[in-house]
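Encoded as structure tokens, the structure appears first; notes follow it.
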Amino acid sequence: AAPAAAIDVVNAGKGVWKLSIGQGETIIHEIAHADFTGDGLGEILAYLSVGAAGGTARAGSIGLIEKPAANGPCVFKAR
């Protein structure tokens, strides 16, 4: 099913991605790429922050971005 709102993805700098959905905004800062879990597949260590677009309050977490299935979506797991 298609998302209810358009998703805008912008490369905001080297290793920085900004995703905007309606009035919400998620920013991903890529820190490192490696096989952190020892499963033979690479993961991305990232800092992810969320907040209102144009707002000053944000919440964030460090974790791993993984792709558990070849045809599936990526997931973020806070660590």
Side-chain angles (χ1 to χ4, degrees):
I7 300 171
D8 184 38
V9 179
V10 176
N11 183 338
K14 186 175 181 177
V16 181
W17 298 91
K18 182 167 72 171
L19 296 81
S20 301
I21 305 169
Q23 294 301 311
E25 181 177 84
T26 299
I27 300 176
I28 300 170
H29 296 264
E30 298 179 18
I31 299 169
H33 296 233
D35 180 10
F36 294 103
T37 62
D39 62 1
L41 302 173
E43 293 84 29
I44 299 171
L45 177 64
Y47 174 74
L48 185 141
S49 70
V50 296
T56 57
R58 300 196 70 78
S61 184
I62 292 177
L64 296 178
I65 299 174
E66 303 176 81
K67 188 166 184 171
N71 294 327
C74 294
V75 296
F76 177 80
K77 295 181 181 175
R79 300 291 173 150

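FYI, side chains are in, hydrogens and waters are out, and symmetry mates aren't considered; it's all heavy atoms of this structure. No experiment lies behind these values; they were computed from the predicted model shown.
Residues passing the side-chain hydrogen bond (donor to acceptor under 3.5 Å, both in side chains) test with N11: none are found, sequence neighbours excluded. By the salt bridge (Lys or Arg N to Asp or Glu O under 4.0 Å) test, E30 is found to be paired with no residue, residues two or more places apart in sequence or in another chain being considered. Under the salt bridge (Lys or Arg N to Asp or Glu O under 4.0 Å) criterion, K18 pairs with E25, not counting sequence neighbours.
Residue V16 is found in a hydrophobic cluster whose other members, listed by chain and number, are I27; membership requires side-chain heavy atoms under 4.5 Å apart, directly or through intermediates. Using a 4.5 Å cut-off between side-chain heavy atoms of Ile, Leu, Val, Met, Phe, Trp and Tyr, I62 falls into a hydrophobic cluster with I31, F36, L45, Y47, L64.
Cluster annotation: I7 and V10 are assigned to distinct hydrophobic clusters (Ile/Leu/Val/Met/Phe/Trp/Tyr, side-chain heavy-atom contacts under 4.5 Å, transitive).
Closest approach of R58 to A52, counting heavy atoms only: NH1-O, 4.2 Å. The minimum heavy-atom distance between L41 and D35, with the atom names listed, is O-OD1, 3.0 Å.
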Throw together a table of side-chain donor-acceptor distances under 3.5 angstrom for residues 67-79, partners on residues two or more places apart or in other chains.
{"from": "K67", "atom 1": "NZ", "to": "A70", "atom 2": "O", "distance (Å)": "3.4"}

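Between atom CD of residue E43 and atom OG1 of residue T37 there is a gap of 3.5 Å, rounded to the nearest 0.5 Å.
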